[in-house]
Protein chains: 2
Amino acid sequence: MNGELSERRRLILKLVIQEYIDGSVPIASELLVRKYGLAVSSATIRSELAALEELGYLTHLHTSAGRVPTDAGYRFFVENLMDRTALTLTEQRMIRHQFHQVRTELDQWIQLAGAVLARTAQNASVVTAPRAYQARFKHLELISIHETTVLLVLVLHDGTIRQQTIVCDVVRPQDELSRLAARLNDRWADGTVERIRDGVHDRDVSDALEVHVTDVVIRSMEWFEDQLNSGIHSDGLMEVLSQPEFAKVARIRQIVEILQGGRGLGPLIPRALASDGVQVVIGGEHGHDDMREYSVVLTRYGIDGEVAGVVGVIGPTRMAYPRAISAVRYIANIMSDLLGVFYNGENTRY
Amino acid sequence: MNGELSERRRLILKLVIQEYIDGSVPIASELLVRKYGLAVSSATIRSELAALEELGYLTHLHTSAGRVPTDAGYRFFVENLMDRTALTLTEQRMIRHQFHQVRTELDQWIQLAGAVLARTAQNASVVTAPRAYQARFKHLELISIHETTVLLVLVLHDGTIRQQTIVCDVVRPQDELSRLAARLNDRWADGTVERIRDGVHDRDVSDALEVHVTDVVIRSMEWFEDQLNSGIHSDGLMEVLSQPEFAKVARIRQIVEILQGGRGLGPLIPRALASDGVQVVIGGEHGHDDMREYSVVLTRYGIDGEVAGVVGVIGPTRMAYPRAISAVRYIANIMSDLLGVFYNGENTRY
DNA sequence: GGTTGGCACTCACACACTGCAAGTGCCAAC
DNA sequence: GTTGGCACTTGCAGTGTGTGAGTGCCAACC
C-alpha cells in the first residue's frame, strides 16, 4: 500500500489533495509546477497525474478539467501522506480555557465539545453523552411536588439523571417518601437492572408506591441500555454550510437530514465505541448511499471499562483531515480528562 | 380597520391571500374569476386588485405579475378575514396519543411539542421549557460519586434539575453528605435566592463543603433567573425547508441562523410570556431586519402565576396562519394540562 | 526511458438573443 | 360600475456562441 508509489508520485498526490482540500477547485498540472516550483514541466506532471488516475487515486470530471481526489485517494492520503499536525498551542489553550469555565456541568461539556469541534474543524460535529457500558443504580430521590404528585429523580452510576413524575392515589408526606427512598437506595446500591429485577421476585411488596417506583426505575434503566447508541447531539450546521459543497439546495437538505435524523450516522457510533484511536470513514466507504459524499472522523472518549462516549466531525469528503483528526483527538482527550475528574476525583479542587 | 373595505374587496383580498398561501404563486385576476366562479369579469377584479394595492394590502413584483400580499395584507387577513379553524378531531386524537405515551418526562414533552408543532404547521417550531417566574429552592441531594467527588443535584420548584460535580479536599462519606443535604433542605425549603443569600450572612458557617454547596446553589439559581429568556429549543428545520421560499441558499442560511442563534427570536419570548392569547408577528412588524421575511406565531403555556413557557411556529410570511394558530393554541393547551398534572396532581393516576 | 514543447481537442461557463406566456393597465363602449 | 379589447411589460426557458482552462498525444530531444 506504500511502496507501490514512487516518491515523486506520492509528492504529487499529496500536493493535489492538499490543494484541493483548501481550494475546492480541481487541480491543474500547470498550477502544481508554478506554485511549488517543481523541477519538471507540466507535461511530465500530466503524465504522472494520468498514472495516478489509472491507479484510482484521482479523477477528473471532464477532459479539460483539473484533477480531483477519489475516495481511494483520500484514503491513501490519510493513511500514508498527510502531515500529522496538532492544534497550535494557542488554540489548545483557548479550548482548555473554555472547558475550564463550564467545568461543573456534564450537559455543558457535551454542548461545548460540539461547538468547539465544529468551529475548529469548520464542519459539523457529532457528540454522544458518556454512557456506562451497563446501567448501574446509584441513587434515587422522591420529592413531593404537590399533594399526590411525586418527582422521582434517578441518578445512574455514570452521572446520567432521569426525572419522572409519579401520581399517587393517596397523599404521601415528604418524610414518608424520604424513608422509602432511603430504603431503596440501600437495597439497590450499585445494582444492575438484573439484580433489581430479580429482587422484586424475592420479596413480597405490598406498598403501591414502592411497586410503581420499582417499575419506573427498572424501565428507565432498561430504556437507558437500549438507548446506548442514540442520543446523538450535533452542532455546527452553520459551519459545514460554509463549505462550498453546499452551494446547491439539494446538498443542504441532505446534510440537514443526516444531522437531524442521524440516518447513516447511527451505525458508526457503536463501531467507534468498540475501537481504539480515531476512525476515519470516507465517502463510499460508508456503504450507505446517502453518505457517499461525506466523511466522518470519529473517536471514543471516556474511561476504559467504565464509561464512554463518542465525539466526531462530519463534512464533505473534501475535508481537512489532518486538522479534523487532531481536533477530534484533542477534544476526546479533554472529555476523557473531565470524566476522569468526575469518576476518580483527580486534579481540581475548590 | 374593518368597515373600510366593501364586502367584495374583503372577499377578493381573502381569496388572494388564501390562494397565495397555499400555492406560493402570485395570483392573477383571471384565476380568481375562473376558480371561484365570480359573477364579474377579470377586468373588474383587476380594478379591485389595483384598489387593494392602493390601500397597501397587496403588491406585485412587476407589471405582468399577479398579486402578492404585503405584511399589512396578512395582518388584515389574520385580524379580520381568516376562518378560525381548529385541527381536525383525528389530528387532535393523534397528538394527544403521542403525548400520552411520553407522559412522565418533562424534556420529552418539550421535544415532542416541537416535533408535533413543526409537522402540523409545516414550519419550524420554537419551544422554551416551562420556567417558574422566580427560582424557588425545592430540594438538593449530595451523592458521593468517588472518594472526594460529590454530585450535587439541585431540584427547583418548577421541576428544573441541575447537576454539578464538586470536588472536596477530604473524603466525605455518604451519610455525612446526606446529613448535610437534609439540614440544607430543611433550612432552604421553598426559599428564593434572596432568602438563601441573606441566610448566609446570618450564620457563621465553618464547613468548607457547606460553604461551597451554598455558593453553587446560589449561583445556579441566579443563573436560572438570568436564563429565563434563553434556552430556546427549535425543531422542524426540515419542514420549513420544504417551503418553496427556501429554494435559494442565502435564504436557507438565514433561517438556520435565526433558529440556531435565536437572533431575532429572543425579544419575542418575554413579550409572549407577558401576554395572553396567541401572538402573531408578521414580517416587517418585527422591526428587525433579519426577520423581515418571517412570521412568528407564539403563545404562552403554563399555569398562571406559577410557571410558564412559550411554544410557537416560525416560517416565511406566506404562512398558513389559521392552521399555525390553531396548532400552536392546541399544543399550548396540552402543555398547560400536563403541567397542571405536574403541579396540582390532577387527572391521571397509576 | 524519461522529459519536453507544441498543438489539437474538449468541455463548462458566461453571455446575449430570442420567442413565448402570463398578466396587467388603460380605454372606449355599454 | 362593468366589460371586452388590446398594447405593453416582464420573467423565463431555450438556443447559440465565444472564451478560457486544461488535458492528451506526439514527435523530438537528452
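In what follows, chains carry the letters A, B, and so on, assigned in the order in which the sequence lines appear, proteins first and then strands, with residues in each chain numbered from 1. Values below: all heavy atoms of this structure, side chains included; hydrogens, waters and symmetry mates excluded.
Residue A:L49 contributes atom CG, which lies 16 Å from atom P of C:dG2 at whole-angstrom precision. Rounded to whole Å, the distance from CG on A:L61 to C1' on D:dT23 is 13 Å. Whole-Å rounding puts the A:L32 CG to C:dT3 C1' distance at 17 Å. Across the protein-nucleic acid pair, B:R9 atom CZ and D:dG1 atom C1' stand 12 Å apart, rounded to whole Å. Atom CG in B:L58 sits about 16 Å away from atom C1' in C:dG25, given to the nearest Å. When rounded to the nearest whole Å, the span between CG of B:L38 and P of D:dT3 equals 11 Å. Spacing between atom CG of A:L31 and atom C1' of D:dT23 amounts to 15 Å, rounded to whole angstrom units. Residue A:I12 contributes atom CD1, which lies 15 Å from atom C1' of D:dT23 at whole-angstrom precision.
Within the 4.0 angstrom heavy-atom criterion, only backbone atoms of the sugar-phosphate kind lie near A:I27; the bases stay farther away. Residue-level contact check: A:S47 touches neither bases nor backbone, having no heavy atom under 4.0 Å from any strand. Using a 4.0 Å heavy-atom criterion, one finds that A:S29 contacts the sugar-phosphate atoms exclusively. Within the nucleic acid shown, A:A65 comes within 4.0 Å of sugar-phosphate atoms alone, with no base atom in reach, counting heavy atoms only.
Every salt bridge (Lys or Arg N to Asp or Glu O under 4.0 Å) that A:E91 has, sequence neighbours left out, goes to A:R323. B:R253 is linked by a salt bridge (Lys or Arg N to Asp or Glu O under 4.0 Å) to nothing, counting only residues two or more places apart in sequence or in another chain.
Taking 4.0 angstrom as the limit, A:R67 places a side-chain polar atom (N or O) nearer than this to OP1 or OP2 of D:dG24. Residue B:H60 places none of its side-chain N or O atoms closer than 4.0 Å to OP1 or OP2 of D:dT9. Between A:R8 and C:dT3 there is a side-chain polar atom (N or O) within less than 4.0 angstrom of OP1 or OP2.
Checking C:dT4, D:dG22, D:dT3 against the side-chain heavy atoms of B:S41 singles out D:dT3 as nearest. If you check D:dT10, C:dG25, C:dT10 against the side chain of B:S64, the one that comes closest is D:dT10. Of the candidate nucleotides D:dT10, C:dG25, C:dT4, C:dG25 has the atom lying nearest to any side-chain atom of B:A50. Minimum atom distance to the side chain of B:H62 is reached by D:dG11, of the listed D:dT3, D:dG11, C:dC11.
Checked by distance alone, A:T44 brings no side-chain donor or acceptor within 3.5 Å of a matching partner on the base of C:dT3. With hydrogens and angles ignored, no donor-acceptor pair under 3.5 angstrom links the side chain of B:T63 to the base of D:dT9.
When the nearest nucleotides of DNA chain D are assigned to B:R46 and A:E53 by heavy-atom distance, the more 5′-ward of the two goes with B:R46.
Counting heavy atoms of neighbouring residues, nucleotides and ligands inside a 6.0 Å radius, atom CD of A:Q111 does not exceed 12 of them.
A donor and an acceptor atom, one from each side chain of B:Y321 and B:S295, are located under 3.5 Å apart.
Pair assignment for D:dG22: C:dC9, on the basis of Watson-Crick or G-U wobble contacts that are both within less than 3.5 Å. Searching all strands for a Watson-Crick or G-U wobble partner of C:dC30 with both distances below 3.5 Å returns D:dG1.
Relative orientation of the B:Y57 and B:F76 rings is tilted, given thresholds of 30° and 60° on the angle between their planes.
A:L268 is listed as a side-chain neighbour of A:H286, based on a closest heavy-atom distance under 4.5 Å.
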